[in-house]
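Read the structure below first, then the notes.
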Amino acid sequence: VTANQAVAFQNTGMPMPPLAPVEAQFQLGNTDTVRKRISVLVHDSSFADLAVCTFWLPANAPLTTYSMFTHTTQAWTDATISFYAASANQAINTTGFYQVDNVSLQYVPGGTATETTCDDPLAPAPPGGPIGPDLLTNGDFETGSLAPWGLFGQIQMQIVGGVFEFIKLAGTPAGVVLQATNQAMTANQILEATFQLGNSSGLRKRVTVILHDNNFSDLSACTFWLLPGQALSTYTYRTYATQAWANATLSVYPATVGAEQWIRLDNVTLRRTPPLAIQGTTCFEPGALAFAPIAASGGRAFVPAPPRANREDTSSGRRVQTLAESIDLVTATTARLRLRSWLTAMHSRGEVQVTTDGVTWETVYVVEASDTWTLIDIDLSAYLGKVISVRFVFD
């Protein structure tokens with residue numbers, strides 16, 4: 001209950017190259033009678049590069065497996081994992097504890113280097129329904145004024161050409177630009193924010209984006225690194241409310257202190273997205289929508305697209321793309337295939353097909369048209385104990 005942060009960490013002493021995919025897996029529990037928040041950081045020991053996941057642990061939660069998939073953005077000298085107790089105990093003599101067990105941290109060749117996923121076993125299944133309207137006003141800053149956005153703390157800003165530009169000044173409290181929507185959220189509401197970030201300075205800078213109830217009783221976070229001189233680029237942030245919110249709020253923090261100008265922000269949106277399947281909180285960087293299938297038998301199995309895909313065009317306009325690598329489910333206990341699709345042709349459709357013998361193909365999913373990138377989650381448990389191949393059919 002002091003101002004100091006409580007953290008348990010391990011420096012591995014292992015260097016990592018730039019853009020190295022990393023997976024952390026761990027069990028978390030909570031023996032307290034109130035729910036608690038824990039922040040997990042995977043970072044270089046110098047904190048010159050880092051990624052963060054935040055998880056909410058229910059009261060009296062037993063040890064449960066969580067995962068974090070991320071990547072380096074520059075070379076590391078000492079890969080480190082840190083667990084921060086983000087909720088202070090209610091009293092000094094409390095008997096409740098955070099629990100951490102069975103921690104692993106490893107380099108994952110072939111993994112994604114364009115997103116951070118906080119794999120939360122409590123993430124809700126998508127209830128379905130339409131994507132809601134944008135909840136933000138003046139997200140493109142075209143009015144030339146800040147309202148209804150607000151500022152707090154040590155921050156300097158300007159609006160130039162319909163782009164919000166800002167830097168973090170030294171001192172406390174930390175600077176932030178935020179907009180409270182005055183929109184309530186039900187527990188397990190799935191949300192998506194999109195925004196463009198840029199950096200006109202000659203130094204790389206970090207930005208932290210938080211989606212939260214306005215009183216911070218519930219929140220998640222994404223942190224992004226911006227290259228020197230980076231043009232405005234699109235980022236996507238998907239998460240869910242772990243409890244009911246009274247006032248959904250989006251906050252953008254300049255996390256790098258310095259007078260070098262400017263961090264840039266534009267075209268910000270926030271929507272309810274009940275049809276989207278999520279794993280917890282995922283922070284998508286530019287170019288992050290590449291195909292990345294997942295097998296859930298103890299971790300994530302990435303199958304890269306082959307250099308030369310096997311394509312067949314028929315007179316009916318049907319096109320087939322087969323993955324070159326097979327997927328081994330012989331020892332798997334559960335398996336899922338996840339992919340992202342944006343099919344714009346309203347009178348076309350896609351199919352995901354599976355074969356066990358290379359001859360007979362079975363359709364396991366029909367992909368319909370969508371108005372944005374859509375995460376598709378396919379249960380492959382019917383193929384446990386077998387080696388399969390997967391293909392995509394556009395018709």
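Only this structure's heavy atoms are used, side chains among them; waters, hydrogens and symmetry mates stay out. Starting from 1, each residue takes its place in the sequence as its number.
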(request) Would you indicate whether the side-chain heavy atoms of P124 and I278 approach each other to under 4.5 Å? (result) yes
(message) Let me check something: do I376 and L337 share a hydrophobic cluster, defined by ILVMFWY side-chain heavy atoms less than 4.5 Å apart, either directly or through other members?
(response) yes
(message) I'd like to know if the side chain of D78 reaches the main chain of G13, judged simply by a donor and an acceptor atom lying under 3.5 Å from each other, with no hydrogens or angles considered.
(response) yes
(request) Would you confirm whether W245, through its side chain, and A187, through its main-chain N or O, come within 3.5 Å as a donor-acceptor pair? (result) no
(message) Applying the side-chain hydrogen bond (donor to acceptor under 3.5 Å, both in side chains) criterion to H71, which one of E23, E115, E285 satisfies it?
(response) E285
(message) For T249, run the side-chain hydrogen bond (donor to acceptor under 3.5 Å, both in side chains) check against T181, N182, N214 and tell me which one passes.
(response) N214
(request) Indicate the atoms forming the closest heavy-atom contact of V42 with A24, along with that distance. (result) CG2-CB, 4.1 Å
(request) Check whether any side-chain heavy atom of M68 lies under 4.5 Å from a side-chain heavy atom of Q25, and answer yes or no. (result) no
(request) Would you please say whether a donor-acceptor pair under 3.5 Å links the side chains of H212 and S220? (result) no
(message) Side chains of T194 and T269 only: does a donor on one sit below 3.5 Å from an acceptor on the other?
(response) yes
(request) Measure the shortest side-chain to side-chain distance between P127 and P274 over non-hydrogen atoms and say whether it is less than 4.5 angstrom. (result) yes
(request) Kindly give the heavy-atom pair with the smallest separation between R238 and L276, and that separation in Å. (result) NE-CD1, 3.6 Å
(request) Please step through side chain to side chain contact (heavy atoms under 4.5 Å, CB included) for the pair I378 and L339, ending with a clear verdict. (result) CA-CA 9 Å; I378 304 169; L339 58 111; 4.2 Å; yes
(request) Find the distance between CZ (F47) and OG1 (T80) and round it off to the nearest 0.5 Å. (result) 7.5 Å
(message) Between Y240 and L211, is the side chain to side chain contact (heavy atoms under 4.5 Å, CB included) condition met? List the steps.
(response) CA-CA 9 Å; Y240 74 101; L211 284 173; over 6 Å; no
(message) Which residue is it: F55, Y98, F26, F9? I am looking for the one with a ring-ring contact (aromatic ring centres under 6.0 Å, His included) to F83.
(response) F26
(message) For a 4.5 angstrom cut-off between non-hydrogen side-chain atoms, does P286 reach T234?
(response) no
(message) Are F284 and Y237 an aromatic pair, judged by ring center distance below 6.0 Å?
(response) no
(message) Looking at S201 and N199, would you say the former's side chain and the latter's main chain have a donor-acceptor pair under 3.5 Å?
(response) no
(message) A side-chain contact here means heavy atoms from C-beta on lying under 4.5 Å apart; do T54 and T281 qualify?
(response) no
(message) Determine whether a donor-acceptor pair (N or O, by modelled atom type, separation under 3.5 Å) exists between the side chain of Y365 and the backbone of Q353.
(response) no
(message) Has D44 got a side-chain atom pairing as donor or acceptor with D49's backbone, closer than 3.5 angstrom?
(response) no
(message) When you compare the side chain of D140 with that of D266, does any pair of heavy atoms fall below 4.5 Å?
(response) yes
(request) Ignoring hydrogens and angles, tell me if any N or O in the side chain of W262 forms a donor-acceptor pair with the backbone of G198 under 3.5 Å. (result) no
(message) Rounded at 0.5 Å granularity, tell me how far CG in L197 sits from OG in S233.
(response) 8.0 Å
(request) Please check if M157 and F195 belong to a single hydrophobic cluster, counting links between Ile, Leu, Val, Met, Phe, Trp and Tyr side chain heavy atoms closer than 4.5 Å. (result) yes
(message) I'd like to know if V177 and L250 are part of one continuous hydrophobic network [Ile/Leu/Val/Met/Phe/Trp/Tyr, side-chain heavy atoms within less than 4.5 Å].
(response) yes
(request) For side-chain hydrogen bond (donor to acceptor under 3.5 Å, both in side chains), just list the numbers for R391 and T355, CA-CA rounded to whole Å, side-chain angles, deciding distance to a tenth of an Å, and then say yes or no. (result) CA-CA 9 Å; R391 74 179 185 182; T355 184; over 6 Å; no
(request) Would you sort out whether F164 and F166 count as a ring pair (Phe, Tyr, Trp, His ring centres under 6.0 Å), showing the intermediate values? (result) CA-CA 7 Å; F164 180 79; F166 60 117; 5.1 Å; yes
(message) Taking side chain to side chain contact (heavy atoms under 4.5 Å, CB included) as the criterion, tell me which of T64, T31, L28 meets it with L57.
(response) L28
(message) Any non-hydrogen side-chain atom of W361 less than 4.5 Å from a side-chain atom of S389?
(response) yes
(request) Report yes or no: do V209 and L136 belong to one cluster of Ile/Leu/Val/Met/Phe/Trp/Tyr joined by side chain heavy-atom distances under 4.5 Å? (result) yes
(request) Search all heavy atoms of G350 against all heavy atoms of L343 and return the closest pair with its distance. (result) N-CD2, 3.7 Å
Output side-chain donor-acceptor pairs under 3.5 Å for residues 101-109, partner residues at least two apart or in another chain, one line each.
from, atom 1, to, atom 2, distance (Å)
N102, ND2, Q27, OE1, 2.5

(message) To the closest 0.5 Å, what do you measure between CD (E165) and CD (Q156)?
(response) 11.0 Å
(request) Kindly indicate whether the side chain of T356, heavy atoms from C-beta on, has any atom under 4.5 Å from the side chain of V387. (result) no
(message) Between Y66 and L122, does the side chain to side chain contact (heavy atoms under 4.5 Å, CB included) criterion hold? Intermediate values first, please.
(response) CA-CA 10 Å; Y66 293 74; L122 301 180; 4.2 Å; yes
(message) Using a 3.5 Å distance criterion without hydrogens, assess whether the side chain of W149 forms a donor-acceptor pair with backbone atoms of N138.
(response) yes
(message) Tell me the closest heavy-atom pair linking D134 and V268, and the distance in Å.
(response) OD2-O, 4.0 Å
(request) Of all the heavy-atom pairs spanning K205 and G258, show the shortest one and how long it is. (result) NZ-O, 3.8 Å
(request) Can you measure from CD1 (I263) to CG (L226) and round to the nearest 0.5 angstrom? (result) 6.5 Å
(request) Hey, could you give me the CG/CG distance between L232 and N267, rounded to the nearest 0.5 Å? (result) 8.0 Å
(request) Look up atom OG in S251 and atom CG in L178, then write down how far apart they are to the nearest 0.5 Å. (result) 4.5 Å
(message) According to a hydrophobic-cluster definition based on side-chain heavy atoms being under 4.5 Å apart (Ile, Leu, Val, Met, Phe, Trp, Tyr only), do L41 and V22 belong together?
(response) no
(message) Using the rule given for side chain to side chain contact (heavy atoms under 4.5 Å, CB included), can you reason through R272 versus E192, listing the C-alpha separation, both sets of side-chain angles and the distance that settles it, and then say yes or no?
(response) CA-CA 6 Å; R272 297 180 178 92; E192 178 183 85; over 6 Å; no
(message) Determine whether D357 and K386 satisfy the following criterion, salt bridge (charged side-chain N to carboxylate O under 4.0 Å, His left out), listing intermediate values before the conclusion.
(response) CA-CA 10 Å; D357 59 9; K386 303 175 182 178; over 6 Å; no
(request) State whether the side chain of S200 and the backbone N or O of Q261 hold a donor-acceptor pair below 3.5 Å, judged by distance alone. (result) yes
(message) Main chain of V52, side chain of T223: is a donor-acceptor contact present, judged purely on distance under 3.5 Å?
(response) no
(message) Under a 3.5 Å distance rule, please check whether T12 uses its side chain to pair with a backbone N or O of M14 as donor and acceptor.
(response) yes
(message) Tell me if the CZ atom of F216 is crowded by more than 12 foreign heavy atoms within 6.0 Å.
(response) yes
(request) Locate the shortest heavy-atom distance separating N30 from P58; write the atom from each residue and the value. (result) ND2-O, 3.1 Å
(request) May I ask you to say whether R35 pairs ionically with D218, meaning some side-chain N is under 4.0 Å from a carboxylate O? (result) yes
